[in-house]
Amino acid sequence: MAEAQANSGSWSAFLKSIASFNGDLSSLTAPPFILSSQSLTEFSSYWATHPPIFTAAAAESDPAKRAMLVLKWFLSTLKHQYASRSEQFGNEKKPLNPFLGELFLGSWNDEAGKTTLVSEQVSHHPPATAYCIRNDKTGIRLEGYNAQKATFKSTIIVKQIGHAVLTIPVGSGDSRALERYLISLPSLHIEGLIFGAPFVELDGSSSITSSSGYTAKIDYSGKGWLSGKKNTVVASVFPTDNEKEVLYNVTGQWTKEFEIYEGPAKKNSKSTLVSVYDAAGTQQTDLAIAPLDKQHPLESRRAWGKVAEAIQKGDMDSVSLEKTKIEQAQRSLRSKENSEGQAWERRYFNAVTEDETLALLGKAAGVPLDGDKDKTGGLWRFDVEKAAKAEAEQLSDEQIARIEKELLGQ
Ligand SMILES: CC(C)CCC[C@@H](C)[C@H]1CC[C@H]2[C@@H]3CC=C4C[C@@H](O)CC[C@]4(C)[C@H]3CC[C@]12C
């Protein structure tokens with residue numbers, strides 16, 4: 001807040017600019033204290049900050065319980081996804097707008113085994129990020145992509161476009177099968193804008209629909225709504241064809257604690273408690289990423305290194321100078337591709353025309369069968385062969401220098 005007050009002049013100018021903005025979040029010119037040195041490609045890592053919770057459903061033999069454990073994992077990711085920046089810095093920040101082909105790679109190594117993250121900016125206009133997270137012990141895999149559509153109505157309102165698919169190998173021997181969960185994403189808005197301390201609140205609802213026949217519906221609300229508490233969440237798990245037969249219900253706050261009960265929520269008596277999740281107290285596993293000099297030149301922290309350094313120093317001239325280098329290199333690459341009739345080859349993902357999971361569960365989940373490709377640049381799916389090729393690739397110093405020059409303007 002003190003910081004915000006020191007910047008109150010530029011903050012009110014910023015407020016004025018968003019009141020008339022066109023929906024493109026990346027076009028906002030924000031005052032220095034609101035700029036993050038972190039790019040949106042990094043946000044994909046929030047899906048697995050707790051690998052043991054991410055993988056828990058793989059060891060469960062009952063499909064209804066698996067659906068409940070998947071819901072628990074999903075809810076456990078919300079605090080990091082939506083509140084970690086404001087908790088760390090005192091306010092939400094404006095992330096760097098990734099360039100096409102930007103990568104964020106890493107792995108979590110803990111009692112759940114090795115869980116690897118691949119995140120790639122697969123579209124620039126409109127901006128869309130795709131990711132795949134794989135656990136080696138259980139074979140659990142999450143893949144998805146997302147874009148944002150923003151509007152302004154007293155505050156910034158953001159609709160998330162895209163979805164995620166969680167795949168769990170279940171059973172053994174001949175009865176081994178892949179169970180799929182189609183996950184839709186909540187919408188959000190920014191609170192605290194006029195006080196110069198913006199933070200995210202979730203609203204509306206989202207769902208998780210499984211191929212085993214269960215659905216979890218999640219409702220979000222904030223201060224001044226039903227419970228009156230911020231970051232409120234209520235959810236229920238039921239057979240997809242019968243919403244009234246609630247098998248589990250959840251209530252709580254996604255930033256603090258939530259409880260999972262058996263059966264429907266009861267007004268006057270207590271249901272059987274299945275588990276309590278302490279979002280604030282549960283230890284997360286840190287993502288391991290390669291040191292900068294071992295990273296691919298398009299990896300986020302390496303590519304944005306100079307911009308990030310300038311942001312941290314508060315040196316806005318260098319920020320804009322260094323940003324412009326990358327943006328201009330990207331622009332000339334695009335026009336070169338255009339004139340040669342070439343398209344940028346995504347390193348890990350392909351735009352596909354149809355998808356089995358969407359065909360199977362899209363209707364029940366309310367996710368369009370074409371994956372909203374017009375708003376995300378494509379229906380993006382992970383390509384295992386591309387990934388293996390990318391992993392095996394060894395760049396020479398000359399190749400690295402060429403990429404840095406032609407793609408990043410260095
Ligand atoms: C700080 C304010 C004033 C500037 C506007 C910042 C905007 C661009 C920020 C604020 C909160 C951010 C969102 C916070 C969390 C997520 C979840 C993640 O899985 C995908 C990106 C997404 C959906 C972010 C998109 C960008 C976002 C909407």
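Because the structure is predicted, anything quoted here is derived from the model rather than measured. Counting convention: from 1, in listed order, for ligands and their atoms alike.
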Ring geometry between W73 and W47 (parallel below 30°, tilted from 30 to 60°, perpendicular above 60°): tilted
Parallel, tilted or perpendicular: ring planes of Y348 versus F382, cut at 30 and 60 degrees: parallel
All salt bridge (charged side-chain N to carboxylate O under 4.0 Å, His left out) counterparts of R301, not counting sequence neighbours: E42
Quick one: which of [options] has a heavy atom closest to [atom]?
atom	options	answer
atom 24 (C) of ligand 1	W11, F14, F43, Y145	F43
atom 26 (C) of ligand 1	T155, L40, I34	L40
atom 19 (O) of ligand 1	Q160, Q81, E92, Q148	Q81

Among protein heavy atoms, which sits nearest to [atom], and what does the distance come to when rounded to 0.1 Å?
atom	value
atom 14 (C) of ligand 1	R85 NH2, 3.3 Å
atom 28 (C) of ligand 1	V158 CG2, 3.8 Å
atom 9 (C) of ligand 1	P95 CD, 4.1 Å
atom 5 (C) of ligand 1	I156 CD1, 4.2 Å
atom 4 (C) of ligand 1	K94 CB, 4.2 Å
atom 8 (C) of ligand 1	L25 CD1, 3.7 Å
atom 20 (C) of ligand 1	N146 ND2, 3.4 Å

Per-atom contacts of ligand 1 with Y82, taking only distances under 4.0 Å to non-hydrogen atoms: 15 (C), 16 (C), 17 (C)
Atoms of ligand 1, numbered as shown, that sit under 4.0 Å from any heavy atom of V200: 11 (C)
Evaluation steps, salt bridge (Lys or Arg N to Asp or Glu O under 4.0 Å), between E404 and R302: CA-CA 10 Å; E404 288 182 329; R302 178 164 172 165; 3.3 Å; yes
Between R180 and T167: side-chain donor-acceptor atoms closer than 3.5 Å: yes
Short side-chain donor-acceptor distance under 3.5 Å, E102 and S300: yes
Heavy atom of Y46, distance to ligand 1 below 4.0 Å: no
Pair W11 and F33, ring centroids less than 6.0 Å apart: yes
Pair listing, salt bridge (charged side-chain N to carboxylate O under 4.0 Å, His left out) test, anchored in residues 307-320, at least two apart: E309-K313
Residue portion contacting ligand 1 (non-hydrogen atoms closer than 4.0 Å) for I18: neither
K386/E345 under salt bridge (Lys or Arg N to Asp or Glu O under 4.0 Å): CA gap, chis, key distance, verdict: CA-CA 10 Å; K386 274 189 172 179; E345 180 73 22; 3.1 Å; yes
